[in-house]
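What follows is a set of notes on a single structure, which appears directly below.
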Amino acid sequence: MTRPLPTIGAALLVDDLETLAPWLIEGQRDVEIQDFIFPERLDGDWQMQVDRARTLLEGHTGRLGIHGPFMGFSIATPDPAIRAAVKQRLRQGLDIAVALGATQMVVHSPYTTWSYNNLDKDFGARTRMTEYCHLTMGDAVRQAEDHGITLVIENIEDKDPMDRLHLANSFETDAVAVSIDTGHAHYAHGTTGAPPVDYFVTAAGDRLAHVHVQDADGYADRHWRPGMGTVNWHAVFAALATLPQSPHLVLELADNSQLRAGADWLIAQGLAR
């Protein structure tokens with residue numbers, strides 16, 4: 001039996017729903033709202049933006065997530081004062097996810113190229129980094145469990161695709177899983193010698209719950225629509241097809257006016273619907 005093609009959705013701002021909501025609702029596509037990464041939105045009247053999103057998405061029964069806060073911090077911060085601020089931001093993000101009815105929130109990986117080259121140099125450094133993540137995320141994980149939300153850890157500078165997997169598994173809960181950003185993985189492959197993007201998919205395996213789909217050139221974080229860069233999309237989607245689950249699959253582009261064109265390109269390639 002042939003497995004159905006995955007349905008491609010979109011990561012976008014609430015303003016973009018004014019034009020794209022009909023397309024998303026018609027296909028019951030995955031949606032990720034990204035307004036709540038901005039500190040001014042978190043500290044402002046976010047409920048008004050949540051209400052607007054819910055109105056524009058009326059009739060949408062597809063999967064819904066948000067991109068959580070990440071600007072200016074690491075979930076592995078060793079500083080207790082900074083950690084308190086990060087915990088507050090994660091709590092705010094999850095409060096918003098609950099109000100919106102989202103079932104996922106994206107958080108950024110703490111791993112960098114420096115981590116890859118240095119964490120195993122100093123005895124206990126890797127363990128301490130995991131412990132810092134637990135100190136920072138522990139309350140958020142419990143909050144996510146209480147509300148049926150999954151925190152998905154997205155690769156940013158990650159060179160070893162197993163690092164995030166080990167971190168996610170260390171929480172011993174389905175409320176923490178793995179995300180892949182295809183352009184970030186392609187940057188790491190082209191610039192730092194990381195494996196190609198499809199290897200990231202295979203490494204994540206049944207713990208992969210979310211994918212940001214963007215094309216790049218292996219040098220910078222381009223967020224181009226698929227077909228504009230050098231990501232091997234056939235290999236990526238072949239790897240996705242081997243998974244026992246269907247991760248949230250959303251285009252995340254620098255130019256949201258290109259979201260439909262990006263989806264159309266993947267559909268024309270026979271990779272998605």
Side-chain angles (χ1 to χ4, degrees), residues 37 67-79 82-83 86 89-90 105-138 140-141 150-172 176-224 229-233 235-236 239-240 242-243 247 252:
I37 66 174
H67 200 306
F70 68 89
M71 291 186 174
F73 64 77
S74 168
I75 60 171
T77 179
D79 187 325
I82 303 302
R83 185 180 304 131
V86 178
R89 288 307 194 202
L90 294 176
M105 186 172 88
V106 178
V107 298
H108 278 190
S109 169
Y111 295 101
T112 64
T113 305
W114 188 95
S115 303
Y116 181 86
N117 290 327
N118 288 277
L119 276 182
D120 297 317
K121 173 177 68 69
D122 299 322
F123 179 78
R126 185 175 293 277
T127 299
R128 285 194 298 275
M129 190 167 187
T130 300
E131 290 173 349
Y132 293 146
C133 289
H134 279 250
L135 288 169
T136 303
M137 292 181 62
V141 171
T150 303
L151 299 169
V152 290
I153 305 174
E154 174 189 1
N155 59 306
I156 305 302
E157 298 181 44
D158 304 53
K159 182 174 179 177
D160 185 345
M162 298 303 295
D163 284 338
R164 283 172 1 281
L165 181 63
H166 294 320
L167 176 60
N169 287 342
S170 73
F171 286 93
E172 298 182 336
V176 183
V178 172
S179 165
I180 290 172
D181 183 297
T182 59
H184 297 171
H186 194 48
Y187 149 77
H189 174 57
T191 302
T192 72
V197 184
D198 57 302
Y199 280 47
F200 276 73
V201 175
T202 302
D206 63 3
R207 299 289 281 134
L208 181 62
H210 171 273
V211 181
H212 277 151
V213 176
Q214 58 134 324
D215 213 338
D217 55 4
Y219 184 81
D221 187 21
R222 300 294 190 178
H223 287 272
W224 288 330
T230 55
V231 171
N232 186 333
W233 291 111
V236 171
L240 288 170
T242 68
L243 302 179
E252 188 189 45

Practice task
Show your working on side-chain contact (heavy atoms from CB on, under 4.5 Å) between Gln214 and Asp221 and close with a plain yes or no.
Solution key: CA-CA 9 Å; Gln214 58 134 324; Asp221 187 21; 2.8 Å; yes

Minimum heavy-atom separation for [X] and [Y], please, with both atom names.
| X | Y | answer |
| --- | --- | --- |
| Thr191 | Gly218 | OG1-O, 2.7 Å |
| Lys159 | Pro161 | O-CD, 3.4 Å |
| Leu90 | Ala140 | CB-CB, 4.0 Å |
| Val86 | Ser74 | CG2-O, 4.1 Å |
| Ser109 | Ile153 | CA-CG2, 3.7 Å |
| Ala209 | Val152 | CB-CG1, 3.8 Å |

Problem - Under the ring pair (Phe, Tyr, Trp, His ring centres under 6.0 Å) test, residues paired with His108 that sit two or more places apart - result: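 Applying ring pair (Phe, Tyr, Trp, His ring centres under 6.0 Å) to His108 gives His67, Phe70.
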
Handout entry: Phe171: partners by ring pair (Phe, Tyr, Trp, His ring centres under 6.0 Å), with sequence neighbours left out
Key =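 With neighbours one apart ignored, the set is His134.
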
Of all residues at least two apart in sequence or in a different chain, which pass the salt bridge (charged side-chain N to carboxylate O under 4.0 Å, His left out) check with [X]?
| X | result |
| --- | --- |
| Asp181 | none |
| Asp160 | none |
| Arg222 | Asp217 |

Practice task
Please name all residues satisfying side-chain hydrogen bond (donor to acceptor under 3.5 Å, both in side chains) with Thr150, sequence neighbours left out, ordered by chain then number.
Solution key: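 Result, side-chain hydrogen bond (donor to acceptor under 3.5 Å, both in side chains) vs Thr150: none returned.
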
Exercise for the section: Applying side-chain hydrogen bond (donor to acceptor under 3.5 Å, both in side chains), name anything that partners Arg89, two or more places apart in sequence or on another chain. Expected result: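 Checked Arg89 against side-chain hydrogen bond (donor to acceptor under 3.5 Å, both in side chains); matches are Asp43, Gln92.
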
Practice task
Please list all pairs passing the salt bridge (charged side-chain N to carboxylate O under 4.0 Å, His left out) test where one or both residues lie in residues 107-123, with sequence neighbours left out.
Solution key: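 Only Asp120-Arg126 qualify under salt bridge (charged side-chain N to carboxylate O under 4.0 Å, His left out).
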
Within the structure provided, determine whether [X] and [Y] are in side-chain contact (heavy-atom separation under 4.5 Å).
| X | Y | result |
| --- | --- | --- |
| Tyr132 | Arg83 | yes |
| Thr130 | His166 | no |
| His184 | Asp158 | no |

Exercise for the section: Take Asn232 and Val197 through the test side-chain contact (heavy atoms from CB on, under 4.5 Å) and record every step on the way to the result. Expected result: CA-CA 8 Å; Asn232 186 333; Val197 184; over 6 Å; no

Problem - Pairs meeting criterion side chain to side chain donor-acceptor pair (under 3.5 Å) with involvement of residues 193-212, two or more places apart - result: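 Pairs touching residues 193-212 that pass the test: Glu32-His210, Glu32-His212, Glu154-His212, Asn169-Arg207, Ser179-His210, His212-Glu252.
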
Can you list everything that forms a side chain to side chain contact (heavy atoms under 4.5 Å, CB included) with [X]? Sequence neighbours excluded, please.
| X | value |
| --- | --- |
| Ala204 | Val178, Ile180, Leu208 |
| Asn117 | Thr113 |
| Ser115 | Tyr111, Thr112, Leu119, Met129 |

Problem - Separation between CG of Leu167 and CD1 of Ile75, rounded to the nearest 0.5 Å - result: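 Atom-to-atom, Leu167:CG and Ile75:CD1 are 5.5 Å apart.
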
Exercise for the section: Return yes if some donor-acceptor pair links the side-chain N/O of Asp215 with the main-chain N/O of Trp224 below 3.5 Å, else return no. Expected result: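 Absent.
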
Exercise for the section: Could you tell me whether Phe73 atom CZ has more than 12 heavy atoms of other residues or ligands within 6.0 Å of it? Expected result: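 For Phe73, atom CZ is crowded (more than 12 foreign heavy atoms under 6.0 Å).
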
